[in-house]
Structures are given as C-alpha cells and as structure tokens.
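First up is the structure itself, then whatever we jot down about it.
We name chains A, B, ... by the order of the sequence lines, and we start the count at 1 in each one.
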Number of protein chains: 2
Amino acid sequence: MGAFLEFRPLDEGSVIEYIKGVPALSSKLALGKNEEDITVKEVGDGNLNFVYIVSNNSVGYSFVIKQALPYIRCIGESWALTKERAYYESEALKEQGAITKGQHVPQVYHYDHTMSLIAMRYLEPPHIILRKGLIAGIEYPLLAHHMAHFMAHTLFFTSLLFRSTTHHKRHVAKFCGNAAMCRHTEQVVFSDPYQISQYNHWTSPYLDHDAEVLRHDNLLKLEVADLKSKFCERAQALIHGDLHTSSVMVTHDSTQVIDPEFAFYGPMGFDIGAFLGNLILAYFSQDGHVDQLNDRKSYKEWILKTIEDTWNLFYNKFIALWDEHKDGAGEAYLSAIYDNPELQLLVQKRYMTDLFHDSLGFGAAKMIRRIVGVAHVEDFESITDAVKRANCERRALDFAKTLLKDRKKFEGITEIVSAIQEF
Amino acid sequence: MGAFLEFRPLDEGSVIEYIKGVPALSSKLALGKNEEDITVKEVGDGNLNFVYIVSNNSVGYSFVIKQALPYIRCIGESWALTKERAYYESEALKEQGAITKGQHVPQVYHYDHTMSLIAMRYLEPPHIILRKGLIAGIEYPLLAHHMAHFMAHTLFFTSLLFRSTTHHKRHVAKFCGNAAMCRHTEQVVFSDPYQISQYNHWTSPYLDHDAEVLRHDNLLKLEVADLKSKFCERAQALIHGDLHTSSVMVTHDSTQVIDPEFAFYGPMGFDIGAFLGNLILAYFSQDGHVDQLNDRKSYKEWILKTIEDTWNLFYNKFIALWDEHKDGAGEAYLSAIYDNPELQLLVQKRYMTDLFHDSLGFGAAKMIRRIVGVAHVEDFESITDAVKRANCERRALDFAKTLLKDRKKFEGITEIVSAIQEF
Ligand SMILES: Nc1ncnc2c1ncn2[C@@H]1O[C@H](COP(=O)(O)OP(=O)(O)O)[C@@H](O)[C@H]1O
Ligand SMILES: Nc1ncnc2c1ncn2[C@@H]1O[C@H](COP(=O)(O)OP(=O)(O)O)[C@@H](O)[C@H]1O
Ligand SMILES: [Mg+2]
Ligand SMILES: [Mg+2]
Ligand SMILES: [Mg+2]
Ligand SMILES: [Mg+2]
Ligand SMILES: [Mg+2]
C-alpha cells in the first residue's frame, strides 16, 4: 500500500487509510501496533480547509493533517479556490519555521502535493486560538513580545534589507504562483466592502446606512485604491497574508502562528496591520462582552498595551536586526553608501514611518471588511444582542475609516492608542 | 546543415554560416542564389552587445542580427553579464511590438535561445540613433507624440489598470528571470554613483569635488534609497528598463524603440524618467555644441518643448486609455467601485501625480549616473574642451540633485521646464 495516487477529499475514516500509506506518518504515530487506539477528529473551525487531529491515545502522541479542497469550506463548492494553496502554505510554514528557529511556527512533518495536504505538529492544549482567548478576556503576557519577534524576523529576513535581489526575485517568482489566494484577498478585503456583493453582510438593519455610506465615501475609496495597488504590486517581503487573531494559537507562554496559505511577497504592513487591526476589533468588541462579573475595563487596557507593545517591540527588534546585518548582502542599503550613523538613523526613520503608515492603512482595511464584508469575526458575532453588537461594530467601523484616511497624520503608536481611547 | 547546436560568439564571417542554417533567415535574404552579394557589417555602437547588419545588395534587403555575449562588451570579459538577456529582449520586443501594433518597435524575425540571438527588422537610413540627432541639433516634430504613444501604450496595457492580477502575476514571475539585468541597473544607477567604485569616472579634476559631495549628500542618498526600493519591489508594468535616447532610432516621421534587454515588471516612472532625463541631459549639453553657425538657442527651446509635450501627451493618452478601458478586466479600479466621474477624476489625479514624481526621481537618478558613473553619454563626451564639458555636466548634475530631492514639490511639467530655464 502506498500514498494515494489521485487527489481525494479525506474524511475521518479515510485519514487513517491515508496515513497507513505514508511510512513517515504511520511510524510517527506508531501505527500498526494498536490500531484501535488511533482516533481522528475533524476540528477545522477555520473558513477554508479541513483540519484533522490524529492521535495515538496509547502513546499520547498526536499530529495534525490539514487538507485543502478546491473550494472555500465555509461557502461551499460555489466559491472555487485552488487547492494549490496547500503548497504555498507548506513552503511558508517551512520558511517561517526556519527563520524563527521553530519557536513560533508548527513543524511540518510531511507535505503531499497530490493530496494538497500538510501534516504538522499538533499544538496541544492548553493552546487555543488567540481570538477565543481575547473573547474570554484572557491576558497573554508574552503575546506582544512573541508576535513582534515573529513579524520582525519573518519580514526582515525575507526582505531586501537582508537579501540580494537575485535571491529575492527567485522567491518572488515562486510565490507569484499563489496568485489565486491574492485574488481572493483583493476581492474580499479591497473590493467587496466597497461595492454591492452577494456575499457581503452586516448587522442589519442597524448598519444598513453605515454600509451604504461606506460605498459612497470617495476619499476612503481613493485611499483603499492606494493600499490595493501596494498589495498587488509591492514585493517587499514574504508575508503571512492572513495574520489575524485566528491564525495565532496561544498559551500563557507559547505563541504559534498557523495557516499561512495566503503567503506571498507583498507589503510588510499587510501582516502587521492584520494583527494590530484584529486587536483593535477585539478592543471594540469588549463592551459587548461585559457582564456582572467583569466590566472588561482592565482587559481593554491590556489590549491597548498589547497593541502598543507589539509595535514598539517590533520596531526595536526590526531595527536591531537591521543594525546587526547592515554589512550583509541586503541590497537595499549597501553599507559602503549608508554606513554613517546620521544617515543610518535617517533611512531607518523613513523606512519605519512608511511601514507604520502602511500597517495602519492595511489594518483599517482589514477591520472594515470584517464588519461589512463576507467573513466576520467571532469577537462581534458572539455578541448575541444585535443592537449591542451593531453599536460595537459601528464604533470599530468609524474608527477604521478615520485610521485609513488619516493614517499618515499619526506619528507613533501612542497616538493610535490615545485615538482609540478617545474615540 | 542546421542551426548551431552550441553557443558560439559570431563574427562577421560566421554570421553568414549561421544564417545558412536557419531557413527562415536564409530565405528572407534570398541566400543561396548570389552569395557574393551578401554583406555583413558589425555596427554595435551600444555598450553591451554585438549587432550585425546583414544585407543582400542585389535585392536591396537587410535585417539585423543582435547577439548577447556573456559579458559587457564595452568593459570586456571582466564584467560578466548573463546572455539570457537576449531572451527577455526578444520577449519584450514581441510584447511591445504587439501592443503598439508594430508602429514603434522593430519586428522580431527569429529568436535563437542557444545562440542568445535575435534577428529583427533593419531600421534603414535615414533612421539614426536619437542621441546623435540631438547632438547634431536636429528637430523631430513627431518625437514627443510617438514616445508618448509608445510609453502610454506599453505601460498601460501591461499594468493592473488593464490586466487581471492573474495575468499580471504570471508575467511578473516570468520577467523575474531577468534579475541579473536588474542587478546591473541597481548597481550602476542606484549604487555606484554614491560610493567609490572602480568603474566610476568623471571629467577630472573639474568634477572631483562634485563627485565627492555627491557621495556625502545624506538627503540625496535618503531619496535614492526610496527610488531603489521602488525599482526592486514594485511590479507596476512591463518597463523597457533602458529607455534613454540611444534606445530610440528616429527619422523625420518614424520613431522606433530598440534594445529592451533590461525589461522587467518595474515602476513605470523608470521608463518615463529615463527618456525625459536624457532629454534634459541633451539640453544641458547644448552649450557645449554651440559654434559660430549655430547658437543652439532655438534648439534648446525645442528640447524643452519636447520634454513638455512628451509628458503632456503621455498624460492625455494614458488617461484616454484608462477611460476607454475602465470597465475592463483591470483589477486596480473596478468600475463597480470607481465608476463615478468625481471619484474617477480623483483617483486619476492621484495616480498621475505619483507617476510624475516617480518619473522625476528616476529621471534625475539616470542623469546623475551618466555624469559620475560608469557609462557616460555622447551628448557630453563629444564636447572635446574639458572645461566646457565639465561646466555643462556640473549644471546637469546640480539640476538633477535638486530634481531628485525636491521632486514632490513640482506639480506639473511646465514647472520643470521653468526650473530648467531658470537654472
Ligand atoms: N497545528 C495545529 N494544532 C492544533 N490545532 C490546529 C492546528 N492547525 C489548525 N488547528 C485548528 O484548526 C483550525 C483551522 O485551522 P487553519 O489552519 O486556521 O485552517 P483554515 O485555513 O481553514 O482557516 C484552527 O482554528 C485550529 O483550531
Ligand atoms: N534594428 C536595428 N536597425 C538598425 N540599427 C540597429 C538596430 N538595432 C541596433 N542597431 C544599431 O546597433 C546599435 C546597438 O544596438 P543596441 O540594441 O542598442 O545594443 P546594445 O544593447 O549593445 O546597446 C544601435 O545603437 C544601432 O546603431
Ligand atoms: Mg485559519
Ligand atoms: Mg486559512
Ligand atoms: Mg547593508
Ligand atoms: Mg543600446
Ligand atoms: Mg542594450
């Protein structure tokens, strides 16, 4: 018996059959000895793919099998999406894993191109999806530090601050193959929220007017076009491409980034903005989660502090990597030209300011699409009272619009935190 | 006898042997009947490659054979450069030819990958290299119109204003293969002029101080870094990549763009800037060509008018293409979102202003590198009096520095023309 020769969607039953044909996996699982101890559980609560936890309960060992089907899971076969995305996800996982020395990315055990399937480390309990932790009001003291580390390292080491253009262009070309996933983002982030689209929805009727105003906001659409063109044209670094708070699994001391199936060479700010924007969404959703036991006041402060710390730590780590590698092969700032302290400060300030503004713009766009677009976030969806939910969403939406339009007026992250507090 | 099975550098003798093995070419030339009527002449006055004019004098028919060798012709084998560039040149010639309906690009008759060789239409006399015409003081009444047409069409139709991102990313990936040529540009345009480099030279000793000041101009180097990052990262359109006045052949009524071996998906402003920047170089060189018969005053006015017309005609043609295709497949501004006259004006104004500033920046960078970098221009080199030459070059250099640093302060091309006149 060998691996499957043709693509076949798996289910909980056929997963074991599949594993039997893949020695690397069946031996990992000690399969063959006590087959009755093996359990398979489908846990994919994500939007796109199927995720199976495969466990040998007698030895207490598990791994995860993730399979891409040629459509979007939460919509169904009517919204086709290439299963080739699994290839880019596995390549990105490997690259990000290598860059972060396995600290913040689950290890890939096996990739099967025919089956569009990745086997990877199981992020065992108490790992949970960060978004769920944020809804539950749990503080993660290392989150900002870890995410800053993940982003600073993955973005720096795949950019021209570190790489030669030869190396860079080879990788850019490879990830151009993930164009279908980019097109999905172009549509759901940069287009659909600003036009009538069958998949759009919002807390109706409360936000009907807001959604309509958005579609007629010329200044906003002018800025969205700039962001979209950056997304489509600027190959700045290998970005995760979907770095919201459901792509992060956490415990008190571990932070793991999963699900980089949208990875490609794009603008760094798209990742940073995705993460920060989703924290801002979490912030604005907190009032909907207040109950008699918890007024969420101090938790809201913690979220704001995490936003601030993430950017500041990212900034410092990124600059430290830059300083450390300034005499390396990075094509962007050759040391013979830029190696004087005053100039180095000048170029770093310019670079980081541009990146900050990009991050704010992309973050805002990601917030907007979660309120009036196709895919919403549990932070708001779990607020059962529709009026309450709409009020939280409207504040987030209005803040995002301001952020997107005025992003270049903000000089630092403390100004953002103040703006959120005063909003 | 067949085509050559291995790469071999041709010379005037072996060109005929080569053609004999390629039926498409030998029949075109009516070779075989009167072999004694065939002449081969090497005319490559360019920097990089060998160009042969092959003629059958009895039938009055000629074509051109261009061959890339694995090094830079004007430097020698010490500066290696991949001969794969011939592939990208032939692909770009075909694409630009198709887009401009053969009006402004010589037709490709034959491409031989093994031999890194292109056979193309011979641009017969009175076609001359535009730069030589500019040095001779010849006016070309249709030049601005033709170049605006070439640039508007080739840039618009290969951008996301016209194309889907699927189509775009496929082409971007292909031209990533021309990375070696991009690296050459990165070095000679964006790096070498700002550092000590063995190949740099200038009119010494007169410009020694100017060259040194340049290497220590922090604000200039800050801006150059921005331009370089755009050049390396932004896949806006298929650009020619080397669109100076020696890549254009002209007669009174014909304008032909040759030599796109540097083609790749990059920022549009790099092409527009190359052309305009070289016209500005031509302008500043005119005082060195004054003699008793010609004070060059009216010719300088004609150059300025050509600069102004080129941009204005480009602007109008580009916008006309945009309006014409606004309901097409272009991903950048979907008509459902941007189809209202006020917003359309707003986005076009923003797009064209950004493109204008990019063009000024790249144009200025291209001017600078022609004065203190490795490859100079005949406009200045043909001024035999070194003091005179240095004075012309210094004015051009100083103007370029201002243009590069202050490019975003200029709102339109008339301001540029005034700035040149007042300089
Ligand atoms: N390596 C893993 N360890 C544990 N759980 C995982 C792992 N990968 C995915 N999951 C679970 O499966 C869910 C969906 O996975 P994800 O990669 O986000 O798929 P999708 O692309 O469909 O969003 C996650 O929210 C998480 O609960
Ligand atoms: N199609 C052509 N018809 C006539 N002359 C040509 C043609 N192509 C090139 N030449 C001549 O050969 C010279 C070098 O060609 P070019 O393509 O610019 O080579 P390089 O890449 O070495 O600069 C041109 O300056 C021109 O004089
Ligand atoms: Mg997911
Ligand atoms: Mg996913
Ligand atoms: Mg460096
Ligand atoms: Mg040439
Ligand atoms: Mg050339």
Side-chain angles (χ1 to χ4, degrees), chain A residues 159-160 164-180 182-183 186-187 190-192 194-197 215-216 218-219 221-226 228-237 264-265 267 331-338 340 342-343 346-347 349-351 354, chain B residues 159-160 164-180 182-183 186-187 190-192 194-197 215-216 218-219 221-226 228-237 264-265 267 331-338 340 342-343 346-347 349-351 354:
Chain A
S159 78
L160 290 173
S164 74
T165 43
T166 311
H167 189 171
H168 194 71
K169 280 214 157 63
R170 197 163 54 230
H171 284 245
V172 169
K174 171 167 127 177
F175 279 92
C176 276
N178 208 16
C182 294
R183 278 188 80 72
E186 289 152 23
Q187 179 181 345
F190 298 106
S191 300
D192 279 355
Y194 309 98
Q195 66 184 346
I196 308 263
S197 161
R215 290 195 300 272
H216 294 93
N218 283 357
L219 288 180
K221 296 201 282 184
L222 175 67
E223 296 300 329
V224 169
D226 270 1
K228 186 178 185 181
S229 111
K230 243 182 204 155
F231 180 81
C232 295
E233 295 173 349
R234 185 168 187 196
Q236 193 179 17
F264 77 112
Y265 277 77
E331 181 62 46
Y333 300 89
L334 302 183
S335 64
I337 303 174
Y338 291 93
N340 91 54
E342 196 191 328
L343 179 55
L346 218 53
V347 297
K349 178 95 177 50
R350 167 81 63 95
Y351 194 99
D354 288 347
Chain B
S159 79
L160 290 172
S164 75
T165 42
T166 311
H167 188 170
H168 194 70
K169 280 212 157 64
R170 196 162 54 230
H171 284 246
V172 170
K174 170 167 127 178
F175 279 93
C176 276
N178 208 17
C182 293
R183 278 188 80 73
E186 289 152 23
Q187 178 180 345
F190 298 106
S191 301
D192 278 355
Y194 309 98
Q195 66 184 346
I196 308 264
S197 161
R215 290 195 301 271
H216 294 93
N218 283 356
L219 290 179
K221 295 200 281 183
L222 175 66
E223 296 300 328
V224 169
D226 271 1
K228 186 178 185 182
S229 111
K230 246 186 199 150
F231 180 82
C232 295
E233 295 173 348
R234 184 167 188 197
Q236 193 179 18
F264 78 113
Y265 277 78
E331 182 62 45
Y333 300 89
L334 301 183
S335 63
I337 304 174
Y338 291 94
N340 91 53
E342 196 191 327
L343 180 54
L346 219 52
V347 297
K349 178 95 177 51
R350 167 81 64 95
Y351 194 99
D354 288 346

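- For the set B:Val172, B:Leu160, B:Asp226, B:Asp354, the entry with the most heavy-atom pairs within less than 4.5 Å of chain A is B:Asp226.
- Among A:Gln187, A:His168, A:Gln236, A:Arg350, the residue making the largest number of heavy-atom pairs under 4.5 Å with chain B is A:Arg350.
- In terms of heavy-atom pairs under 4.5 Å with chain B, the best-connected choice from A:Arg215, A:Glu342, A:Arg234 is A:Arg234.
- Residues forming a side chain to side chain donor-acceptor pair (under 3.5 Å) with A:Thr165 (at least two apart in sequence, or on another chain): B:Arg183, B:Glu186.
- Both the backbone and the side chain of B:Tyr194 come within contact range of chain A, judged by heavy atoms closer than 4.5 Å.
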Q: Start with the C-alpha distance between B:Lys230 and A:Glu233, add both sets of side-chain angles, then the distance that settles salt bridge (charged side-chain N to carboxylate O under 4.0 Å, His left out), and finish with yes or no.
A: CA-CA 10 Å; B:Lys230 246 186 199 150; A:Glu233 295 173 349; over 6 Å; no
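- No part of B:Ser159 comes within reach of chain A, as not one of its non-hydrogen atoms sits under 4.5 angstrom from that chain.
- In this structure, the portions of A:Ala225 lying under 4.5 Å from any heavy atom of chain B include both its backbone and its side chain.
- For A:Asn178, no part lies near chain B; criterion is any non-hydrogen pair under 4.5 Å.
- Interface remark: B:Phe175 contributes no atoms to any contact with chain A (heavy atom separation under 4.5 Å).
- Heavy-atom pairs under 4.5 Å with chain B were tallied for A:Val224, A:Leu343, A:Leu346; the largest tally goes to A:Leu343.
- With chain A as the partner, the residue from B:Ala180, B:Ala179, B:Ala235 showing the most heavy-atom pairs under 4.5 Å is B:Ala235.
- Between the B:Tyr338 side chain and the A:Lys221 main chain, a donor and an acceptor come within less than 3.5 Å of each other.
- Both the backbone and the side chain of A:Glu331 come within less than 4.5 Å of a heavy atom in chain B.
- Annotation for B:Gln195 and A:Ala336: closest pair OE1-CB, 3.2 Å, computed over non-hydrogen atoms.
- In this structure, chain A has a heavy atom under 4.5 Å from the side chain of B:Cys182, while its backbone stays farther away.
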Q: Show your working on side chain to side chain contact (heavy atoms under 4.5 Å, CB included) between B:Lys228 and A:Leu334 and close with a plain yes or no.
A: CA-CA 11 Å; B:Lys228 186 178 185 182; A:Leu334 302 183; 4.1 Å; yes
